[in-house]
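Input: one structure, supplied below.
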Amino acid sequence: MNSDAPSAWPGSFTAQQRVLDHQLKLHRWARSEPQRRFGDVFNLICDRATLLVAWERVSGNQGARTAGVDAVTRYYVEERQGVIPFLEELRTSLKDGTFSALPVKQAVIPKKNGKVRYLGIPTLRDRVAQMALKLVLEPIFEADFYPSSYGYRPGRRAQDAIAEIHHFTCKPSTYDWVIEGDIKACFDNVDHHVLMGLVAERVKDRKVLRLVSGFLRAGVVELHGGFAETLTGTPQGGVASPLLANIYLSVLDRHFSRIWDEQMNSGPRRQGRRRKGLPNFRLVRYADDFVVLVHGTKSDAEALKLEIGQLLASTLKMTLSDEKTHITHIDDGFVFLGFHIQRRTWGGGRRVVLSIPSKQALASVTHKIKKLTGRDTTSLSLEAVLRAVNPVLRGWAAYFRYGVSKKTFSYLGWYAWWRVLRWIRYKHRRLTWKQLRRRYYGADRIAEGGVVLYNPAKMRVERYRFRGAQISTPYNVDEVDPDGARFRRTGHDDMAFVGQVSEHLV
């Protein structure tokens, strides 16, 4: 049989198994040989199974309905061109070297502070190629990433970062001071030469390096139609961008992990440092947002903040954001990933660390509900409004369920109920308040077409346990049983996921 024939393409299940086998081998080799530089991995990117799995992941995301500069969507590929011819054409262009990344299409997401976040939307063909690249590179670099990094990695989530902070700040020899770090325009200021050097530390295949460089330098078609070169930065919206950003920022993780392993990895060592007047500290990072827990004095935290700024400037050519980087005492509380984390005195003088939904996060979700139930939506049916409001309430409650959130959920349920009730009042002006009370007062009374207004107060609140090394990923199935893992795995491949999550947490 001709291996280049369309019939040679494997089935979905076979392709997934083959890709997983390749990933496990790459990950085990990377772990067993930390200094190994991988060559000849470009063939894995061009493998039919890899491209088919890449297509399934890209087409399964909501972003597949959004076209890039070539106006090609998932519907066009499936209904007009055909998936196999589309992938065969992509594979041929990759193998013969004619593949060239097209510029990304610029999109804008408004931020809460009045500014905007720029996203770059690649073409569907480039997204599939980036996903294939990610499927091969991720298991290699996952062997090098550090446990303190939680953003956009398989099996990890924001709650893991919050749980680690809670775990260490609750200890008797506690970390009283917190450096709230934020890198100024992180994804826009990634230095391509530094990033390519970090990728080349593990990958020596020149075709792979050329492919990564091509995606970084593809350029941007701006909103007004002009073209801008991308001399720095990784496009937010690209499938491979979160992985490349983690590779870049792993330099910061490496610095803190090396000091921790050499000087602070045991209780006696940390006690010895404190007797000498030296601070102990630990980094917890989620993408470009990070906190450093400091067991010492405020002056120790200030000196460490200065050291971090110098490290970022000298090694990564980045700067800390002065307006977003603060030094806070744990008793005063700080906001990280949407949670307000604060130590308080409980009954009997016991000190506990609480993770509460922040006021900013609550204001964000109430603003969304207010917008969805505004007067300009009264032309819609009640069922349509409920179908728009319910996912917002359910998703927000699902994210914050692992904190001290019961009172917040009760307030949010009360707020949403009154907003929808006022919406009904505006839509049906002839109804009196007495009639509204008779129809809609009480639990589960606001409903239409079988859709009931969701009440966040019904969401079960529980403690999210610190998992440490017991985090199930596709690459450690021989060490951590996925069936025995406490929480299910998360997907992190959706286009524009970085921007969406960042806006959701603010």
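Just so you know, these numbers use all the heavy atoms, side chains as well, and skip hydrogens, waters and symmetry mates. For the single chain, residues carry numbers from 1 onward in sequence order.
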Does the side-chain contact (heavy atoms from CB on, under 4.5 Å) test come out yes or no for I446 and V452, once each step is laid out?
CA-CA 6 Å; I446 299 183; V452 182; over 6 Å; no
Other residues, nucleotides, ligands: >12 heavy atoms within 6.0 Å of K406 NZ
yes
What do you reckon, is CZ of R269 surrounded by more than 12 foreign heavy atoms closer than 6.0 Å?
yes
With distance as the sole criterion, is a donor-acceptor pair present between the side chains of S149 and R285 under 3.5 Å?
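There is such a pair (donor and acceptor under 3.5 Å, judged by atom type) between the side chains of S149 and R285.
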Do the non-hydrogen side-chain atoms of L243 and Y152 ever get within less than 4.5 Å of each other?
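Side chain of L243 against side chain of Y152, heavy atoms only: no contact under 4.5 Å found.
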Interatomic distance, CZ@R422 vs CD1@I424, rounded to 0.5 Å, equals 12.5 Å
Hey, are the side chains of N246 and F145 touching, using non-hydrogen atoms and a 4.5 Å cut-off?
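Yes; the side chains approach each other to less than 4.5 Å.
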Report yes if the side chains of N390 and V451 come closer than 4.5 Å at any heavy-atom pair, otherwise no.
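Result yes, sub-4.5 Å side-chain heavy-atom pair found.
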Tell me, do D160 and Y286 make a side-chain contact under 4.5 Å, heavy atoms counted?
no
Kindly indicate, with the supporting measurements, whether the criterion side-chain contact (heavy atoms from CB on, under 4.5 Å) is fulfilled by V190 and L244.
CA-CA 9 Å; V190 170; L244 297 177; over 6 Å; no
Nearest-0.5 Å distance that lies between atom CG in D332 and atom NE2 in H326:
13.0 Å
Side chains of P154 and Y475: does their closest heavy-atom pair fall under 4.5 Å?
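P154 vs Y475: side chains touch.
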Between the CG atom in D144 and the NE2 atom in H27, the distance rounded to the nearest 0.5 Å is 9.5 Å
CZ/R273: more than 12 non-hydrogen atoms of other groups inside 6.0 Å
yes
Residue pair R343, H329: steps toward the side-chain contact (heavy atoms from CB on, under 4.5 Å) verdict
CA-CA 9 Å; R343 186 175 63 192; H329 197 277; 3.6 Å; yes
Between the side chain of E262 and the main-chain N/O of I259, is any donor-acceptor distance below 3.5 Å?
no
Does the pair F400 and F409 meet the rule for a ring-ring contact (aromatic ring centres under 6.0 Å, His included), with working shown?
CA-CA 9 Å; F400 287 102; F409 288 170; 7.6 Å; no
Indicate the atoms forming the closest heavy-atom contact of K134 with V239, along with that distance.
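Scanning both residues completely, I find the closest heavy atoms to be CD-O, 3.7 Å.
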Measuring from atom CG of L320 to atom SG of C186, what distance do you get when rounded to the nearest 0.5 angstrom?
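So the gap between those two atoms works out to 10.5 Å.
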To the nearest 0.5 Å, tell me how far E307 CD sits from E302 CD.
14.0 Å
Whether over 12 other heavy atoms sit under 6.0 Å from H428 NE2
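Yes, the 6.0 Å shell around NE2 holds more than 12 heavy atoms from other groups.
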Side chains of W423 and T378: is there a donor and an acceptor less than 3.5 Å apart?
no
Identify the two heavy atoms, one from P279 and one from V294, that lie closest to each other, and give their separation to 0.1 Å.
CB-CG1, 4.3 Å
For the side chain of T315 and the backbone of L312, is there at least one donor-acceptor N/O pair under 3.5 Å apart?
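No.
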Would you please say whether a donor-acceptor pair under 3.5 Å links the side chains of D191 and Y248?
no
Look at atom CZ of R65 and say whether more than 12 heavy atoms of other residues, nucleotides or ligands are closer to it than 6.0 Å.
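No, not enclosed.
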If every non-hydrogen atom of P122 is compared with every non-hydrogen atom of G120, which pair is closest and at what distance?
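Shortest heavy-atom separation between P122 and G120 comes out as CD-O, 3.2 Å.
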Applying salt bridge (Lys or Arg N to Asp or Glu O under 4.0 Å) to R282 and E164, what does each step give before you reach the verdict?
CA-CA 10 Å; R282 186 175 181 88; E164 180 168 345; 2.7 Å; yes
Evaluate Y441 against W433 for ring-ring contact (aromatic ring centres under 6.0 Å, His included), listing each step before the verdict.
CA-CA 10 Å; Y441 271 58; W433 279 109; 7.8 Å; no
CG/D176 to CG/D300 distance, rounded to the nearest 0.5 angstrom?
11.5 Å
side-chain contact (heavy atoms from CB on, under 4.5 Å) partner of V284, chosen from V292, I165, L337
I165
Parallel, tilted or perpendicular: which one describes the rings of F256 and F281, with boundaries at 30° and 60°?
perpendicular
Test your reading of the model: is there a side-chain donor-acceptor pair from Q342 to the backbone of D331, 3.5 Å cut-off?
yes
Answer whether the closest heavy-atom distance between the side chains of L431 and R439 falls below 4.5 Å.
yes
Given salt bridge (Lys or Arg N to Asp or Glu O under 4.0 Å), test R153 with E142 step by step and report yes or no.
CA-CA 8 Å; R153 293 180 57 189; E142 272 293 320; 2.9 Å; yes
Report yes if some heavy atom in the side chain of Q263 is under 4.5 Å from a heavy atom in the side chain of R270; otherwise report no.
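Counting from C-beta outward, Q263 and R270 never come under 4.5 Å.
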Let me see the working for Y399 and W396 under ring-ring contact (aromatic ring centres under 6.0 Å, His included), right down to the final yes or no.
CA-CA 5 Å; Y399 178 83; W396 197 88; 8.3 Å; no
Before accepting this row, confirm whether a basic side-chain N of the pair R401/E462 lies closer than 4.0 Å to the acidic partner's carboxylate O.
yes
Do we see a donor-acceptor contact under 3.5 Å between the side chains of Q16 and S12?
yes
Give the C-alpha distance, both sets of side-chain angles, the deciding distance and a yes or no for side-chain contact (heavy atoms from CB on, under 4.5 Å) between R57 and L135.
CA-CA 10 Å; R57 293 197 181 184; L135 289 172; 3.5 Å; yes
Stepwise side-chain hydrogen bond (donor to acceptor under 3.5 Å, both in side chains) test for Y440 and R445:
CA-CA 5 Å; Y440 299 108; R445 294 292 298 277; over 6 Å; no
Show your working on salt bridge (Lys or Arg N to Asp or Glu O under 4.0 Å) between E201 and R254 and close with a plain yes or no.
CA-CA 14 Å; E201 288 181 1; R254 185 186 308 171; 3.8 Å; yes
Let's go through T328 and E180 carefully: what are the C-alpha distance in whole Å and the side-chain angles of both, what is the deciding distance for side-chain hydrogen bond (donor to acceptor under 3.5 Å, both in side chains) to 0.1 Å, and is it a yes or a no?
CA-CA 8 Å; T328 311; E180 306 172 59; 2.5 Å; yes
Any side-chain donor-acceptor pair under 3.5 Å between D253 and S250?
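Side chains of D253 and S250: no pair found under 3.5 Å.
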Check the pair Y402, R157 against side-chain hydrogen bond (donor to acceptor under 3.5 Å, both in side chains), reporting the backbone distance first and the verdict last.
CA-CA 12 Å; Y402 301 109; R157 49 175 65 79; over 6 Å; no
So which atom in V404 and which in I356 form the shortest heavy-atom distance, rounded to 0.1 Å?
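For V404 versus I356, the nearest heavy atoms are O-CG2, 3.7 Å.
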May I ask you to establish whether R394 and Y454 are in a cation-pi arrangement, using a distance under 6.0 Å from NZ or CZ to the six-membered ring centre and at most 45° from the ring axis?
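The answer is yes; both the distance and angle limits are met.
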Short side-chain donor-acceptor distance under 3.5 Å, Q159 and Y150:
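No, no side-chain donor-acceptor contact under 3.5 Å.
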Y175 and H295: which non-hydrogen atoms are nearest, and at how many Å?
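Closest heavy-atom pair between Y175 and H295: CD2-N, 3.4 Å.
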Beyond-backbone contact of K458 with N455, side-chain heavy atoms, under 4.5 angstrom
yes
What are the two closest non-hydrogen atoms of D182 and K324, and how far apart are they?
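Where D182 meets K324 most closely, the heavy atoms are OD1-CD, 3.5 Å.
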